[in-house]
Amino acid sequence: MKDLNLVPTFLWCLLLFPLHKAVANGVTPEETKQLRDEVREMFYHAFDGYMEHAFPLDELRPLTCEGEDTLGGYALTLIDSLDTLALLGDRERFTASVEWIGKNLRFDINKTVSIFETTIRVLGGLLSAHLIASDYATGMRIPSYDNELLDLAEDLARRLLPAFDTPTGIPFGSVNLKYGVDEHESKITSTAGGGTLTLEFGVLSRLTNDPIFEQVTKNAVRGLWARRSKLNLVGAHINVFTGEWTQKDAGIGTSIDSFYEYLLKAYLLFGDEEYLFIFQEAYSAAMHYLYNDPWYVEVNMDSAAIVWPLFNSLQAFWPGLQVLAGDIDPAIRTHTAFFSVWKRYGFTPEGFNLATLSVQHGQKSYPLRPELIESTYWLYKATRNPRYLDAGRDIVASLQYGARCPCGYCHISDVEFHKREDHMESFFLAETVKYLWLLFDLAVGPDNLVENGPYKYIFSTEGHLLPATPQISLLQEHCSYFGAYCNRDSLKEEPNASDKSADSQETNGSRVSDGWVRTRFPLDSSSFKASPVSGLIKGLCPGLTHAQKYGISYLASVDTPHEDNSAKQKDIVVKSQAIVVVSDQISNQSLSGDGNDNNVKESTEREPESDPSQS
């Protein structure tokens, strides 16, 4: 049996098993409740400021208490805030907002918009709110709701489809909502811009029973991955017509970050093994060539030569992604390093030079980004280590004393002098305060849709809640119909099937318990060969290897002996590196809530100001 297709990842383990409650030494239980309530007040200070002074314009200018259109002129901040209102249990304002959007929002407008930003902020916001408003199980169903947001989401997505009409399948960066792609539109787009669309479009396909949305975004991912280097690295910018890389800097931050994120999350939400396979290959390469414990650098995608020894704030999502992958130890060390930058300045600058240990020139701002807070939440959820509550408290203090403005929260234009700028991105309400509130609510004893709701949720790169409902997450690709069982008669091993014995599978750490499979598997193509499947288990019918199935060739991984290779030059072929999707060791560590810090040493989606080419 191909264990990978039935594996509940570490994320599911975190959601399924109760963990004991702990609070930080410096944060008493009462203070934790106060912090949760303070974050709630922060949300409403900003949301009310927007509604009173900026709505229905896109975003708020919190210093002057005015509004501005920044994306498309369709109440962007309100759409981005919908599922946060629902998460906070604000039925009245959630209902009023959904009803207003359903009656007033239209996309038949002559506006050229970013495919990436429109997808993650608007399409994702509409879909998340629709899934909450239409379902009794969420406790927030609106009786009068009649799929208005879903209709708007489908209309919007169809207006974005012309951008995918390219020779590579990788979309243009922008499209006009009324007239399509302009003939003078740039043919250069970022890897994140082309590879961070699968969740929203995939969910839409499942809700509308129209496969076109999922197909075009999956083809875009394939188009990017097919043009990876021999090191399994991808660059930052690519020509969507020729497929040539126009910027070959490989990293986990600016212009690339959420490409990695959506590979794993698309597997988690849809169960599509192709995304998992690509993620494993890409993650292995990133950890081999980009990871300089505990930091990450940017390298040339072909030679792996370091080109940019820089921590940029978009990298800060990575420890959270590693929690979902189950790779906890490096996540802890990297978060510690990233948070040390926050403590040094009170915020994370867009760029911090690792060679000079100073703020990178021209990258001094902090535009209220959520990535470090997101990783803090996931690491606390995974470990229950009290230090992450301390980190959350420090972040709240920085935002309250450094970024709070009369009508909302301001960008920090210079983290060294805490200069404020008159702008508040919609993602502050969609993500930044959402993850902060979830952190403290989890510590108090969670009572919210994410932790206690009817479904497990995947967060989009904009922090929108996408539930793993049967309609969205049941597999269609591996068996002929929903819930199908593999036929025992078809389970004969093919010549290319795995010849691993039961003993070898057992030594690889797999075990079956209560219908779940937990496994620890290496990052090499052999782990994706078909193996015998029990006819009593739903899931993947045996067949070809992934590479054979999809017609894509991959570099063979090389197992390395257990010896000191620190003095050796890194090989051109990616070496095998284990990744834990769900490991018993990590599960037990999580369940024990061990707060031992002895082994700890001292980053979708949006671009820093130094790289305006990103959409």
Side-chain angles (χ1 to χ4, degrees), residues 114-117 119-120 124 163-164 166 168-173 188-202 214 216-229 231-240 243 245-270 272 274-291 296 298-299 301 312-322 324-325 371 374 458-462 552 554 574 579 603-608 611 613-615:
S114 161
I115 294 290
F116 173 71
E117 298 290 358
T119 296
I120 66 171
F164 293 86
T166 66
T168 62
I170 304 168
F172 287 98
I188 308 302
T189 195
S190 70
T191 299
T196 312
L197 312 168
T198 50
L199 293 189
E200 293 82 0
F201 276 70
E214 185 168 6
V216 296
T217 53
K218 190 170 187 178
N219 284 339
V221 171
R222 288 170 170 168
L224 289 164
W225 187 241
R227 291 166 176 83
R228 68 198 182 281
S229 73
L231 307 183
N232 280 345
L233 296 173
V234 292
H237 291 93
I238 194 169
N239 186 306
V240 301
W245 294 99
T246 58
Q247 184 180 354
K248 291 194 170 188
D249 296 352
I252 62 165
T254 303
S255 300
I256 304 175
D257 52 349
S258 46
F259 170 75
Y260 289 100
E261 178 185 0
Y262 269 35
L263 290 175
L264 180 57
K265 289 183 175 180
Y267 169 71
L268 292 176
L269 189 59
F270 303 136
D272 186 337
E274 182 172 8
Y275 290 117
L276 178 60
F277 184 87
I278 297 174
F279 174 76
Q280 290 178 305
E281 297 285 294
Y283 182 82
S284 177
M287 295 301 289
H288 187 73
Y289 294 109
L290 309 180
Y291 186 41
Y296 291 82
E298 294 184 10
V299 305
M301 64 181 288
N312 73 69
S313 59
L314 289 174
Q315 294 178 353
F317 86 102
W318 190 259
L321 184 66
Q322 290 181 306
L324 300 189
E371 285 79 10
E374 176 185 2
I458 295 296
F459 290 85
S460 76
T461 196
E462 186 74 7
I552 306 173
Y554 297 89
V574 179
I579 175 176
S603 47
T604 217
E605 66 260 24
R606 286 155 286 268
E607 293 295 294
D611 190 2
S613 61
Q614 165 70 8
S615 36

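In this chain, numbering begins with 1 at the start of the sequence shown.
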Quiz prompt | Residue list, ring pair (Phe, Tyr, Trp, His ring centres under 6.0 Å) with Tyr296, at least two apart or on another chain | solution = Tyr291, Trp318
Exercise. Spell out, as yes or no, whether a donor-acceptor pair under 3.5 Å connects the side chain of Thr196 to the backbone of Gly193.
Key: no
Exercise. Could you tell me whether the side chain of Leu231 reaches within less than 4.5 Å of the side chain of Met301, counting heavy atoms only?
Key: no
Quiz item: With distance as the sole test, does Ser255 use its side chain to make a donor-acceptor pair with the main-chain N or O of Ser190 at under 3.5 Å?
Solution: no
Quiz item: Taking all atoms of both residues into account, what is the closest heavy-atom pair of Ile115 and Thr119, and its distance?
Solution: O-OG1, 2.7 Å
Quiz prompt | Shortest non-hydrogen contact from Tyr262 toward Thr198 | solution = CD2-OG1, 3.5 Å
Quiz item: Of all heavy-atom pairs between Ile170 and Ala220, which one has the smallest distance, and what is that distance?
Solution: CG1-O, 4.0 Å
Exercise. Determine the minimum heavy-atom distance between Ile256 and Asp249, stating which atoms define it.
Key: CD1-O, 3.5 Å
Quiz item: Checking side chain to side chain contact (heavy atoms under 4.5 Å, CB included) for the pair Phe279/Leu268: CA distance, chi angles, key distance, verdict?
Solution: CA-CA 11 Å; Phe279 174 76; Leu268 292 176; over 6 Å; no
Quiz item: How long is the span from the CG atom in Leu264 to the CG atom in Leu276, to the nearest 0.5 Å?
Solution: 7.0 Å
Quiz item: Phe201 ring centre to Lys218 NZ or CZ under 6.0 Å, with the angle to the axis within 45°?
Solution: no
Quiz prompt | Closest heavy-atom pair and its distance - Trp245, Leu224 | solution = CZ2-O, 4.1 Å
Practice problem: To the nearest 0.5 angstrom, please state how far the CG atom of Leu290 sits from the CD atom of Glu298. | Solution: 8.5 Å
Quiz item: Short question: side chain of Thr168, backbone of Val240 - any donor-acceptor pair under 3.5 Å?
Solution: yes
Quiz prompt | Rounded distance [0.5 Å steps], CD in Glu374 versus OG1 in Thr461 | solution = 7.0 Å
Self-check item: Interatomic spacing from CZ in Arg222 to OG1 in Thr217 - rounded to 0.5 Å
Solution: 10.0 Å
Quiz item: Do Asn219 and Phe164 touch side chain to side chain, with heavy atoms closer than 4.5 Å?
Solution: no
Quiz item: Can you name the side-chain contact (heavy atoms from CB on, under 4.5 Å) partners of Ala282, sequence neighbours left out?
Solution: Trp225, Tyr260, Leu263
Quiz item: Rounded to the nearest 0.5 Å, how far does CD1 of Ile238 lie from CD1 of Ile188?
Solution: 9.0 Å
Quiz item: Does the side chain of Tyr283 reach to within under 4.5 Å of the side chain of Gln322, using non-hydrogen atoms?
Solution: yes
Quiz item: What distance separates Asn232 CG from His288 NE2, expressed to the nearest 0.5 Å?
Solution: 11.0 Å
Practice problem: Before giving the answer on side chain to side chain contact (heavy atoms under 4.5 Å, CB included), spell out for Lys265 and Phe459 the whole-Å C-alpha distance, their side-chain angles and the decisive distance to 0.1 Å. | Solution: CA-CA 8 Å; Lys265 289 183 175 180; Phe459 290 85; 4.3 Å; yes
Quiz item: What pair of heavy atoms forms the shortest contact from Thr189 to Pro171, and how long is it?
Solution: CG2-O, 3.6 Å
Quiz item: Between the main-chain N or O of Gly235 and the side-chain N or O of Thr191, is there a donor-acceptor pair closer than 3.5 Å?
Solution: yes
